[in-house]
Amino acid sequence: MPNQKRRKDVRNVAIIAHVDHGKTTLVDALLKQTGAYEFKNGETTIMDSNPLERERGITIFSKNASFLYKGVQFNIVDTPGHADFGSEVERILKMVDGVLLLVDAFEGPMPQTKFVLKKSLELHLKPILVVNKIDRPNVRPHEVADLTFDLFCELNATDEQLDFPIVFSSGKEGIATLDPEEEGKDMKPLLDTILHRVLPPVADPAKPFQMLITMLDYDPYVGRISIGRIFHGEIKTGQLMALVKIDGTIKQGKVTRILKYKGLKRIVVDDAQAGDIISIAGIDDVHVGETLASIENPQALPKIKIDEPTISMVFSHNTSPLAGKDGGRFLTSRHIRERLEYEALTNVGIKIEGIAGTEKIKVSGRGELHLSILIETMRREGYELEVSSPQVILMEMGGETLEPMEEVLVEVDQGYQGAVIEALGSRKAEMKDMQITSIGTVRMNFLIPTRGLIGFRSEFLKMTRGTGIMYQNFFQYQKYKGKMVHRQAGVQVSMNNGRAVAFALFGLQERGEIFVRPGDDVYEGMLIGVNNKGRDLVVNALREKKLTNMRASGSDEAIKLITPREMTLEFALEFIEDDELVEITPKNIRLRKRYLNEHERKSKMRVKSR
């Protein structure tokens, strides 16, 4: 609208992309170019400050940075690429006026590219296509640009959105160019494109103050910190504010501190105005999606729309015989409930609800990865807990049961193509597309029920000898596809408590893969391995070799044990059945039966079968 006032000294931009297409590395290059951060030797992906992000090489939490270029302040927000963290993307896009859509110059648009682009187009944001990693071998920048244009058309982009500029870059090398045939020298072509193509924020300081809370933080000295963008008006330290709650009620608070971003740091300022992305301390009991407004005109901004969770799990305190023996500091149900309630405040994609008559808590999220990251974070903080197998959240509509469907892209060598198609077919998958890539691999697109993917990733890696690539993205709810077989094999269940013995494990390993090492603590009802015969088997992992004074041929041969599986949280969650749990402590991840005693398990099964 021509009559709207805009702040020409500010640009608010989010970086969106598929997993591992180079968002965080590109931010590094922009910070280097503008001198906003002084990198030490070997320092990279500076925005991925969380240890889990560095270990996994993915962005999990949205983060802000700011720098000056040609007298204009650029506020850059780095967002996660994985669809499981879509709630982070959805709320962050409310803070910006444009997006940099990164696409790998070799891989092209991928499932999560479609997901993040769809969200930004729905909000009518100005996109800039950045074809990244042009320094890779076998790149196809022009073809990737054409494929991305096709994706815009598929998502019903407007004519204005289809007129997007294209920049070719290498975040790793710190270069950008408008023509891939010309070698770039620095990041200025990208910065200039942002400057000229992203609209300055609408900012009328004369209007009553309004700010949408999109993120929360906590500081032990100043308390809860509200983070968001000022849409209208001005704010000063010491000013009284109205907090408009999601239910419409209004509370009052006083602004004790205002912080702006400078590089990666937050600095204290006295005031801020429309268009700024700021942090405010002093307003308690604030939640994501609520509005801070002036006392005189306490009007709420439109709420943030967040997609509903698709997976749920049950969390409870650790009830195994080894509870409290692995260095856990937070062991009770109260500790776990308080931690989950705090998580639900800041992580709007998480929903928690108590289970009547128990101390257990049902936790719902956007996918297995979303919940496993929460569990791993709690584990590192010193929590001990046990969790159930992931369950998909079904919907009832028009008398029909609907279930969540995933769009899955797999890329494998041609020799594994048949096995992958067969395995996904048995999980009710439907193939949508198949192509041979320029390097001879097969790229296939499937639609598959979300529950069909539970337990498949580890099977897929084993099937393709670790060479296969798989990405998934929530598609939509569709009619329930019927019953599905999960785990084919049975398990070996310990019959007693103690330490595992090498001699016993040697005899058990021929039945299937083993999960424990000699000397590991085991207890009755704990899963110590797989039974390939297809049924559960109660075994003795403590049996020692009988000592005699007789020697027999072969009796003194060395015991050779196959290296047991390295137990990871992802494998554990994918592996367990409904009657099993994952025990999680700061030092160990163990699998166990829900009912540890064999007689109790059998009696529960009899009751269930009636």
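- For the residue pair Thr585/Glu384, the side-chain donor-acceptor check at 3.5 Å is not satisfied.
- Among residues two or more places apart in sequence or in another chain, the side chain to side chain contact (heavy atoms under 4.5 Å, CB included) test is passed with Val314 by Ile355, Lys360, Ser388.
- Formation of a donor-acceptor pair under 3.5 Å by the Arg257 side chain with backbone atoms of Ser279 is not found in this model.
- Arg11 contributes a side-chain N or O that, together with a main-chain N or O of Val198, makes up a donor-acceptor pair within less than 3.5 Å.
- Using a distance-only test at 3.5 Å, with no hydrogens or angles considered, no donor-acceptor pair links the side chain of Asn75 to the main chain of Val10.
- Summarising the geometry, atom CZ belonging to Arg229 is positioned 10.0 Å from atom CG belonging to Leu212; distances are rounded to the nearest 0.5 Å.
- A salt bridge does not link Arg7 to Asp97: none of the charged nitrogens lies less than 4.0 Å from a carboxylate oxygen.
- For residues 241-276, the set of pairs meeting the ring-ring contact (aromatic ring centres under 6.0 Å, His included) definition, not counting sequence neighbours, is empty.
- Partners of Arg337 under the side chain to side chain contact (heavy atoms under 4.5 Å, CB included) rule, at least two apart in sequence or in another chain, are Glu341, Ile361.
- Glu353 pairs by the salt bridge (Lys or Arg N to Asp or Glu O under 4.0 Å) definition with nothing, not counting sequence neighbours.
- Formation of a donor-acceptor pair under 3.5 Å by the Thr450 side chain with backbone atoms of Pro404 is found in this model.
- In this structure Lys260 satisfies the salt bridge (Lys or Arg N to Asp or Glu O under 4.0 Å) test together with Asp276, sequence neighbours excluded.
- Ring geometry, Tyr69 versus Phe74: the interplanar angle exceeds 60°, so the pair is classed perpendicular (tilted spans 30 to 60°).
- Applying the salt bridge (Lys or Arg N to Asp or Glu O under 4.0 Å) criterion to Arg266, with sequence neighbours excluded, gives Asp217.
- For residues 385-404, the salt bridge (Lys or Arg N to Asp or Glu O under 4.0 Å) pairs, not counting sequence neighbours, are Glu386-Arg592, Glu400-Lys479, Glu403-Arg451.
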Between side-chain atoms of residues 291-301 and protein atoms elsewhere (two or more places apart, or another chain), which donor-acceptor pairs fall under 3.5 Å?
| from | atom 1 | to | atom 2 | distance (Å) |
| --- | --- | --- | --- | --- |
| Thr291 | OG1 | Leu301 | N | 3.0 |
| Ser294 | OG | Asn297 | N | 3.3 |

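- For Glu160, the side chain to side chain contact (heavy atoms under 4.5 Å, CB included) partners at least two apart in sequence or on another chain are Lys126, Thr158.
- Using a 3.5 Å distance cut-off with no hydrogens or angles, the side chains of Asp270 and Thr237 do not pair a donor with an acceptor.
- For Lys245, the salt bridge (Lys or Arg N to Asp or Glu O under 4.0 Å) partners at least two apart in sequence or on another chain are Asp285, Glu290.
- The ring-ring contact (aromatic ring centres under 6.0 Å, His included) contacts involving residues 374-403 comprise Phe330-Tyr383, where partners must be two or more places apart or lie in separate chains.
- Evaluation of the side chain to side chain contact (heavy atoms under 4.5 Å, CB included) rule for Glu407 yields Lys114, Leu447, Asn473, Phe475 as partners, not counting sequence neighbours.
- For the atom pair CG of Asn132 and CD1 of Ile15, the computed distance is 9.5 Å after rounding to the nearest 0.5 Å.
- Side chains of Asp271 and Gln239: no donor on one and acceptor on the other come within 3.5 Å.
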